[in-house]
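Everything below concerns the one structure shown next.
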There are 2 protein chains.
Amino acid sequence: MMANIQQVAQEAGVSVATVSRVLHGQGSVATKTRIKVEDTIKKLNYQPSMLGRNLRNSESRLLLILIPKISNPFYFDIIKGIENIAISQGYNILLCETDSSPERENIYFDLVRTKMADGIISMDPAVNMEALMELAENHPIVQCSEYAVESDIPYVTIDSEEAAYRAVKHLIKIGNENIAFINSDKRYLYARQRNEGYQRALKEHGLAVKEEYIYHTEHLGFEYGQQAVKSILNLEDRPTAVFAVSDLLAIGALKEIHACGFHVPDDIAVVGFDNIDFSNMTNPALTTIAQPMYKMGTLAVDMLIKKIQGNDVESIILDHELIMRESTSG
Amino acid sequence: MMANIQQVAQEAGVSVATVSRVLHGQGSVATKTRIKVEDTIKKLNYQPSMLGRNLRNSESRLLLILIPKISNPFYFDIIKGIENIAISQGYNILLCETDSSPERENIYFDLVRTKMADGIISMDPAVNMEALMELAENHPIVQCSEYAVESDIPYVTIDSEEAAYRAVKHLIKIGNENIAFINSDKRYLYARQRNEGYQRALKEHGLAVKEEYIYHTEHLGFEYGQQAVKSILNLEDRPTAVFAVSDLLAIGALKEIHACGFHVPDDIAVVGFDNIDFSNMTNPALTTIAQPMYKMGTLAVDMLIKKIQGNDVESIILDHELIMRESTSG
DNA sequence: CTGAAAGCGCTAACAG
DNA sequence: CTGTTAGCGCTTTCAG
């Protein structure tokens, strides 16, 4: 079973070089020989071993995709975009869940150090940037969605500040003045940028920025949204609107607001961020910011493959969109 | 940059064999030599190339995980289980979304045919069983969750019939006699099994099985649950309970029931299946069947690695659990 | 148009 | 305890 190129050559009465040539359709081969070889390949049910090919070409045709949690819906469409392009270019992807743990991360970094992967698309906001930058000196790396300005690693992302600004502006427009903000940890760039967008919108409309309205969560999960709302609803000046930096947080908020006996959007309007599938399945459906996920994925992998091939690439900033649904349609 | 074993050997003044020996800590090496080699490795920042090692060992240390949709929450914990064990055993996983398309599937099958992957864990109910069985003749394959009885491919799963039976029995116990059933396509084994469980529960309690109460959906998505409920609510003898074969369907049902002005659980009780994270985030929270996902994953990968190592393995059937929440607490 | 041969980086059997 | 050597399966010069 499982013939190798040698056996095919022998059986076809040619040299391995010729077999290799017909395999790749390059270098001229007489039609007669080609047909003979092709027949033998079928007859022996031969499939070239990627192990041999990879060693010879010193490439693995594997791309590392780093995400913090595989279950975070935010990444689904990005991954889909990456995957489709990758496959069409003869690459496969290794989806790596880091749990934002440096040890896990390092296992994956080792994969490229040991040539098991040709490059990395990093989407983990909590990635160890120092390690990533060091790795980037010798290996192709691209950042997607989250990025570090100070590094030379190219990225594709959206304008988080502007997106947050638009979300909050929408809340103001429909009559809210007391707008709470559920943000994530300030050490993340996007958190800082969205915070600036939030503040810009308020200031532009002559509204005060109240520290007690800004809540920082440790993680982006559902339960953290619930927690945040619990504390927000206890404020004296109860907000009439909540803007959360992720849909998961917003969905948690939704649930907790209901649990406390309030109604969305009549009592409290809610806006999320990301437009994950579930944001349209909640009760009421969630107003949110949509990022062009799929496109982000395709662009990121395009960039990475270009880098692997030795070309230079430029960072890209994509557009976003405000999707209005029931949670603000008061 | 990126030294190879040769350069390390030269720099350390030993042979490549010795370097290989200290790399694997096997075969005796004089302490003095070992230290010298280890120092050189650090000095040159050497990391052995997996390409060379893999070719030599004719293995890739990559495991293929086939799932229909990466976004299906059902698989999250299974994958986590697989991943943790795999990594601890020095394997990495290639998460493959088949979209239940034979072409996509075949691309992935090629990965094992071309030695880029050492084995497969198939979790796609719609997998092309013929192709899979043929592949299984020459490559290690394990089925997880969904399986085909008639094949020799070992599997790990739960007793779907019994699980469905318990879910429906619970609905009967809390006073329901008219229980609708949102099932998926009958060509899937689990769908047939759950149908049997549903019918057994009804019959055991002297309730008639009404064909019009059984709805078959094309896919397991949220919107199919909505659709199903739309048609179910139009029945003359409106059911007072709904059992869906997946949480996603049940969550769609929840939303549509509300949209039609009914209340869960007072007017209609709902039970799902899978206990995905979101089943606890809905309003009301969903009663559902929990499968030991994580464990299923770890066992499946254990089995696969055993098979790769040439050992025989036996199929496993795991226990499940009924999780009672608000959607049936009327 | 085709073949011989070198070599990608590593492991392991064998000899010493 | 250590070195020599033969491949693993493939691609690609270089000659012919």
Side-chain angles (χ1 to χ4, degrees), chain A residues 1-38 40-41 44-62 90 110-118 138, chain B residues 1-38 40-41 44-62 90 110-118 138:
Chain A
M1 190 58 223
M2 269 300 87
N4 60 20
I5 200 173
Q6 190 103 305
Q7 297 169 295
V8 174
Q10 190 163 9
E11 177 80 17
V14 298
S15 74
V16 294
T18 302
V19 177
S20 181
R21 280 188 202 104
V22 337
L23 240 31
H24 297 91
Q26 62 190 228
S28 34
V29 180
T31 317
K32 219 167 128 186
T33 338
R34 196 208 342 283
I35 293 181
K36 192 169 49 177
V37 172
E38 280 166 349
T40 322
I41 286 175
L44 298 189
N45 192 22
Y46 168 68
Q47 304 241 183
S49 155
M50 287 306 162
L51 296 179
R53 177 176 295 179
N54 288 345
L55 173 58
R56 171 61 217 229
N57 298 345
S58 71
E59 63 175 11
S60 64
R61 297 246 140 204
L62 245 33
D110 270 343
L111 251 30
V112 357
R113 295 197 188 102
T114 59
K115 310 246 183 190
M116 257 310 270
D118 294 343
N138 297 298
Chain B
M1 190 58 223
M2 268 300 90
N4 61 22
I5 199 171
Q6 191 105 305
Q7 296 169 294
V8 175
Q10 190 162 8
E11 177 80 17
V14 299
S15 74
V16 293
T18 302
V19 177
S20 182
R21 278 187 203 105
V22 336
L23 241 33
H24 298 92
Q26 62 188 225
S28 33
V29 179
T31 318
K32 221 167 124 186
T33 338
R34 193 202 351 277
I35 293 181
K36 191 168 49 178
V37 172
E38 280 166 349
T40 321
I41 287 177
L44 298 188
N45 193 20
Y46 166 68
Q47 305 240 183
S49 156
M50 287 307 163
L51 297 178
R53 177 177 294 179
N54 288 345
L55 174 58
R56 171 62 217 227
N57 298 344
S58 72
E59 63 174 12
S60 63
R61 296 247 139 205
L62 245 33
D110 270 342
L111 251 31
V112 358
R113 294 196 189 102
T114 59
K115 310 246 184 193
M116 257 310 269
D118 294 343
N138 297 297

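Numbers restart at 1 for each chain; the letters A, B, ... are given by sequence-line order, proteins then strands.
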Side chain to side chain, B:Ile41 and B:Leu23, heavy atoms closer than 4.5 Å: yes
Considering only heavy atoms from C-beta outward, does the side chain of A:Val37 approach that of A:Tyr46 to under 4.5 Å? no
In chain order, what residues pass the side-chain contact (heavy atoms from CB on, under 4.5 Å) check against [X], with sequence neighbours excluded?
X       : result
B:Gln47 : A:Asp110, A:Arg113, A:Thr114
A:Ser28 : none
A:Val16 : A:Ile5, A:Gln6, A:Ala9

What pairs of residues pass the side chain to side chain donor-acceptor pair (under 3.5 Å) test when at least one of them lies in residues 48-58 of chain A, not counting sequence neighbours? A:His24-A:Arg53
Comparing nearest nucleotides in DNA chain D, the 5'-proximal residue of the pair B:Leu55, B:Ser28 is B:Ser28
What does B:Leu51 touch in the nucleic acid at a heavy-atom separation under 4.0 angstrom: a base, only the sugar-phosphate, or nothing? nothing
Got a second to check how far A:Leu111's CG is from A:Asp118's CG, nearest 0.5 Å? 10.5 Å
For nucleotides 10-16 of chain C, read 5' to 3', which letter fits each nucleotide if B means a protein heavy atom sits under 4.0 Å from the base, S means only the sugar-phosphate is that close, and - means neither? BBBB---
Estimated bend of the helix from C:dC1-D:dG16 to C:dG16-D:dC1 (axis per five terminal pairs, rounded to 10 degrees): 40°
Taking CZ from A:Arg34 and C1' from C:dT2, how many angstroms apart are they, rounded to a whole number? 14 Å
Pairs satisfying salt bridge (Lys or Arg N to Asp or Glu O under 4.0 Å), at least one member in residues 27-37 of chain B, at least two apart: none
Could you name each residue pair satisfying salt bridge (Lys or Arg N to Asp or Glu O under 4.0 Å) that touches residues 15-26 of chain A, not counting sequence neighbours? none
Chain A reaches DNA chain D, atoms under 4.0 Å from its heavy atoms, from D:dG9 to D:dT13
By side-chain hydrogen bond (donor to acceptor under 3.5 Å, both in side chains), which residues pair with B:Glu38, not counting sequence neighbours? none
